[in-house]
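I have placed the structure first, in the form of structure tokens, so that the comments after it can refer back to it.
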Protein chains: 2
Amino acid sequence: MFGASATHALRAIAFLAGRPREQAVLGRDMARKIRIPSHYLSKVLATLARAGVLTASRGARGGYRLARPASRIRLIEVVGPFEGARARPGCLLRPGKACRSSGACSAHQAWRKVKEPYLDFLERTTVEDIQGGS
Amino acid sequence: MFGASATHALRAIAFLAGRPREQAVLGRDMARKIRIPSHYLSKVLATLARAGVLTASRGARGGYRLARPASRIRLIEVVGPFEGARARPGCLLRPGKACRSSGACSAHQAWRKVKEPYLDFLERTTVEDIQGGS
DNA sequence: GCAATAATGGATATCGATGTCCACAATGGA
DNA sequence: TCCATTGTGGACATCGATATCCATTATTGC
């Protein structure tokens, strides 16, 4: 449903959320645990750090941690930086268009039943809801 | 939500469904009406023809028509040939895996609320439900 | 200050999706 | 039969996403 980068981001965040927050996790350890190429994961994590979702610290005893408690990070913040406009789907038949009730496309009614739960998922689910086992 | 090819397919099918079925529509006319590059659309339509969703006829008075009444074509038949496995989404955090209730990933419960309406949309919505104005 | 540790940024490679072009095959009508 | 019409198939170009590698920068502990 999401691209590889956004999926990697979700896996990484869910993993981090399942660990004590005061203890930083090394990039290479995380890569090994969640089975993602470490050089690729580092790019993903850098993007999440820029987005303010996690913090990265260098040097000995460095690593990554959540920037906030998992219950206060919504999934849209994790997925958004990678999916961009895709994380705010509009009209089915005219991608990129708003497709409001007035002047809606012919698939509007049927598509709403997918779009609304999808937006709800991104806006209302928090990282705590998907956190992995420690 | 879908790739460009699947979206083009949906637009073309919705357009065709809004026309009298006994009258074939020219590829180039359809391309102009729904604003899709005609050379690309022809590839998409060829795929749909192979999938048995529409029929193509060559020569004078040729063109494309629905293979069946719009009410008997489900969207999965239109989208499936282009989206492949993406049209049957499984686990959020482990793409490609089944993620059944037993041994489910940590996002299973939250993700179900998106996945189920999505699958319902593809399996139960018909082309008639999204057909365009004539 | 020095050495070890770790993340960062840039360059590059690879792959699939998107999009274009054109010669060819098939069809219908005169 | 011959020609205009119309879709088909293959080759090719382009672009963004995915992925890899390495030199550099920042930080900690001694």
Side-chain angles (χ1 to χ4, degrees), chain A residues 1-12 16 22-67 79-87 95-96, chain B residues 1-12 16 22-67 79-87 95-96:
Chain A
M1 200 66 138
F2 298 112
S5 295
T7 303
H8 291 347
L10 287 170
R11 283 161 62 90
L16 264 186
E22 64 277 7
Q23 185 189 344
V25 177
L26 295 190
R28 86 173 87 91
D29 289 347
M30 210 184 321
R32 185 159 20 84
K33 285 284 178 58
I34 63 182
R35 309 287 190 82
I36 291 173
S38 66
H39 287 107
Y40 190 7
L41 180 59
S42 72
K43 303 291 187 197
V44 170
L45 295 175
T47 299
L48 291 175
R50 271 191 300 272
V53 169
L54 52 79
T55 62
S57 48
R58 304 202 233 200
R61 330 232 2 119
Y64 301 93
R65 342 177 170 196
L66 293 187
V79 169
F82 303 96
E83 298 286 309
R86 264 178 96 99
Chain B
M1 201 69 137
F2 298 114
S5 296
T7 303
H8 291 346
L10 286 170
R11 283 160 60 90
L16 264 186
E22 63 279 5
Q23 185 189 344
V25 177
L26 295 190
R28 87 174 86 91
D29 289 347
M30 210 185 321
R32 187 158 19 86
K33 285 285 178 58
I34 63 183
R35 311 285 190 84
I36 292 173
S38 65
H39 288 108
Y40 189 6
L41 180 60
S42 72
K43 302 291 186 199
V44 169
L45 295 175
T47 299
L48 290 175
R50 272 191 298 272
V53 169
L54 52 79
T55 62
S57 48
R58 302 202 235 202
R61 329 232 1 122
Y64 301 94
R65 340 177 172 197
L66 293 187
V79 170
F82 303 96
E83 298 285 310
R86 264 179 97 99

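Every chain is numbered from 1 and lettered A, B, ... according to where its sequence line falls, protein lines coming before strand lines.
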Close side-chain approach of B:Ser5 and B:Tyr40, heavy atoms under 4.5 Å: yes
Whole-Å distance separating the NE2 atom of B:His8 from the C1' atom of C:dT20: 13 Å
Rounded distance (nearest 0.5 Å) linking atom NZ of B:Lys33 with atom CG of B:Leu16: 11.5 Å
Min side-chain heavy-atom separation B:Gln23-B:Arg65 under 4.5 Å: no
Interatomic spacing from OG1 in A:Thr7 to CD1 in A:Ile34 - rounded to 0.5 Å: 11.0 Å
Selection from C:dT18, D:dG7, C:dT8 that lies nearest to any side-chain heavy atom of A:Ala46: C:dT8
Protein-nucleotide distance (A:Arg35, atom CZ; D:dT18, atom P), rounded to Å: 21 Å
Atom pair distance, as rounded to whole Å: CZ in B:Phe82 and P in C:dG16: 18 Å
Nearest-Å distance for atom pair CZ/C1', residues B:Arg65 and C:dT27: 13 Å
Whole-Å gap separating P (D:dT18) and CG (A:Leu41): 14 Å
Atom pair NE2/NZ of B:His8 and B:Lys43 - distance to nearest 0.5 Å: 14.0 Å
Reported CZ-to-CE distance for the pair B:Arg35 and B:Met30, which is rounded to 0.5 angstrom: 15.5 Å
Gap separating the CG atom of A:Leu45 from the OH atom of A:Tyr64, nearest 0.5 angstrom: 5.0 Å
Heavy-atom donor-acceptor pair, B:Lys43 side-chain to C:dG19 base, under 3.5 Å: no
Residue B:Ala4, side-chain heavy atoms: nucleotide from D:dT18, C:dT18, D:dG7 that is nearest: C:dT18
Between C1' of C:dA7 and CG of A:Leu54, the distance in whole Å: 12 Å
Between protein and nucleic acid, restricted to nucleotides 2-6 of chain C and to nitrogen or oxygen atoms under 3.5 Å apart, what atom pairs and distances do you find?
from	atom 1	to	atom 2	distance (Å)
C:dA6	OP2	A:Arg28	NH2	3.0
C:dA6	O4'	A:Gly59	N	3.3
C:dA6	O4'	A:Gly59	O	3.3

A:Arg86 CZ - D:dG16 C1' separation (whole Å): 12 Å
N/O (side chain, A:Ser5) to phosphate O (OP1/OP2, D:dT18) under 4.0 Å: yes
Given D:dT8, D:dT20, C:dT18, the nucleotide with the shortest approach to the side chain of A:His39: D:dT20
A:Glu83 CD - D:dA17 P separation (whole Å): 9 Å
